[in-house]
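To start, the structure under review is shown below, and the notes come after it.
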Protein chains: 2
Amino acid sequence: MPKPVNSHEPTKTRILEAAETLFAEKGYAAVSVREITAAAGVHLAAVNYHFGSKKRLYFAMFEQRLLPRVMSVRPPIEALLQRGNARPAEMIKTLVRSILENPWPDDRRQVTARLISRELSQPTEMFDILIETYFRPMVQMIARLLSPFLGPDMTEESLLLNTLSTIAQITYFSNGQPVVTRLTGRPYDADFIDQLVGHITDFSLRGLGLERKPC
Amino acid sequence: MPKPVNSHEPTKTRILEAAETLFAEKGYAAVSVREITAAAGVHLAAVNYHFGSKKRLYFAMFEQRLLPRVMSVRPPIEALLQRGNARPAEMIKTLVRSILENPWPDDRRQVTARLISRELSQPTEMFDILIETYFRPMVQMIARLLSPFLGPDMTEESLLLNTLSTIAQITYFSNGQPVVTRLTGRPYDADFIDQLVGHITDFSLRGLGLERKPC
DNA sequence: GTCTATAGCAGGATAGAC
DNA sequence: GTCTATCCTGCTATAGAC
């Protein structure tokens with residue numbers, strides 16, 4: 001448990017921080033309250049005093065730390081939408097970059113991505129909240145961003161699938177880091193992330209039919 | 001535990017089957033040996049008698065059931081490669097379909113996909129085996145399939161990233177089923193899977209630069 | 001609010017009868 | 001090989017001293 005303990009934070013915050021890290025690493029079931037309190041440098045009973053139970057600690061962590069952080073990704077992308085004059089290449093590149101090298105603090109990037117991916121692949125009671133407050137608005141916003149360029153004859157569903165194909169790549173290269181590193185031999189440093197952003201942008205632009213190949 | 005018990009199978013097999021289902025559903029840590037033996041309809045001590053420990057049961061399940069099954073996806077795709085005269089559109093469609101509606105028995109499709117995705121996103125000691133025996137050969141095979149069409153000036157790394165972008169979509173629409181259903185309102189019936197296969201194929205062909213848009 | 005002590009139970013594993 | 005009974009550890013949760 002090499003996690004620094006921030007001993008000036010209040011007990012409650014220390015618990016939330018430690019819980020977040022551990023839940024992200026191992027998953028809810030594999031983490032014990034003892035482990036969390038030890039990592040947080042607080043006494044065992046503190047979790048039940050402050051949160052009532054282990055499950056409610058998870059929910060509190062989710063609502064108070066995870067959700068606010070993921071919501072913070074949206075404003076910059078919304079700003080892009082408001083401007084209204086961006087070109088598709090620029091839009092997609094910004095989108096990809098804003099998620100791949102996201103604005104969360106360095107020590108929380110991996111943690112945040114893992115918690116989201118965990119919740120999406122193994123829904124708990126938080127699944128609905130995550131979908132409706134974060135994921136669906138995000139997808140709709142991206143779809144609205146793209147839709148003017150994709151032609152008016154495209155169905156809603158087709159627009160959605162195209163949006164999801166773009167998101168699929170971002171998600172895959174973001175969450176699948178262990179696999180990608182293993183296969184390419186490249187660690188996720190600034191260099192490689194740049195390259196990934198470029199690749200995903202190009203592939204998606206072509207996939208969306210927004211960039212013509214020589215014919 | 002509505003799982004039927006196949007009471008004519010030997011104890012060992014019954015345990016492996018139940019373990020597979022439960023590990024896929026809940027993850028290793030969240031499943032107890034008691035739960036497994038109850039679902040299998042055998043006595044509690046059977047796990048330790050036949051496998052030595054819960055962890056070794058997981059490994060046995062992985063090697064004896066999961067790996068052989070995922071390996072069975074390869075031959076049909078390899079056959080495509082051997083023929084050598086397939087066109088890219090056909091190849092990619094076959095590839096997408098062979099994974100999206102895979103050849104595993106109906107009651108094992110979801111289970112198999114979940115176990116793989118679990119192992120890739122939360123590596124245990126089996127991660128290396130899965131990567132080296134299944135994933136890397138699979139990716140290399142697909143890359144070899146595509147490479148003749150992508151032009152000789154494409155770097156190895158670029159070829160790999162393009163391949164992964166295609167796989168990313170297949171993986172996303174396959175593993176992200178709860179999310180996709182939630183956002184589209186479509187259950188994964190034959191109809192929708194057809195539509196997904198078509199979409200992923202088209203998007204990927206364009207993404208790879210293999211299908212020209214009107215210009 | 002903090003922490004100790006412990007209740008109460010579920011977990012994996014095992015010994016030994018059959 | 002099968003199954004019962006049980007050990008013991010480690011878990012969540014709580015009671016109650018400070």
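All values reported here derive from a predicted model rather than from experimental measurement. Computed from heavy atoms alone, side chains included, the values below leave out hydrogens, waters and symmetry copies. Below, chains carry the letters A, B, ... as their sequence lines are ordered, and counting in each starts from 1.
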Between protein and nucleotides 1-6 of chain D, what N or O pairs are separated by less than 3.5 Å?
residue : atom : partner : partner atom : Å
D:dT2   : OP1  : B:Thr11 : OG1          : 3.2
D:dT2   : OP2  : B:His50 : NE2          : 3.1
D:dC3   : OP2  : B:His43 : ND1          : 2.9

Answer yes or no: is there a donor N or O on one side and an acceptor on the other, between the side chain of B:Gln169 and the main chain of A:Gln169, under 3.5 Å?
no

Mark yes or no for whether A:Lys12, through its side chain, and A:Phe51, through its backbone, hold a donor-acceptor pair below 3.5 Å.
no

Spacing between [X] atom [atom1] and [N] atom [atom2], to the nearest angstrom:
X	N	atom1	atom2	result
B:Asn48	C:dG12	CG	C1'	7 Å
A:Tyr28	D:dC11	OH	P	14 Å
A:Arg56	D:dT14	CZ	C1'	15 Å
B:Ile36	C:dA10	CD1	P	18 Å
B:Lys26	C:dG11	NZ	C1'	14 Å
B:Leu57	C:dA13	CG	P	10 Å

Write down the atom of B:Ala143, the atom of B:Leu159, and the distance for their closest heavy-atom approach.
O-CD1, 3.8 Å

Could A:Glu101 and A:Arg109 be called an ion pair, given the rule that one side-chain N must be under 4.0 Å from one carboxylate O?
no

Salt bridge check, A:Arg144 against A:Glu78: does any charged N sit closer than 4.0 Å to a carboxylate O?
no

Respond yes when some side-chain nitrogen or oxygen of B:Ser32 is under 4.0 Å from OP1 or OP2 of C:dG11, and no when none is.
yes

In terms of side-chain heavy atoms, does B:Gln122 have a donor or acceptor partner in A:Arg114 at a distance below 3.5 Å?
no

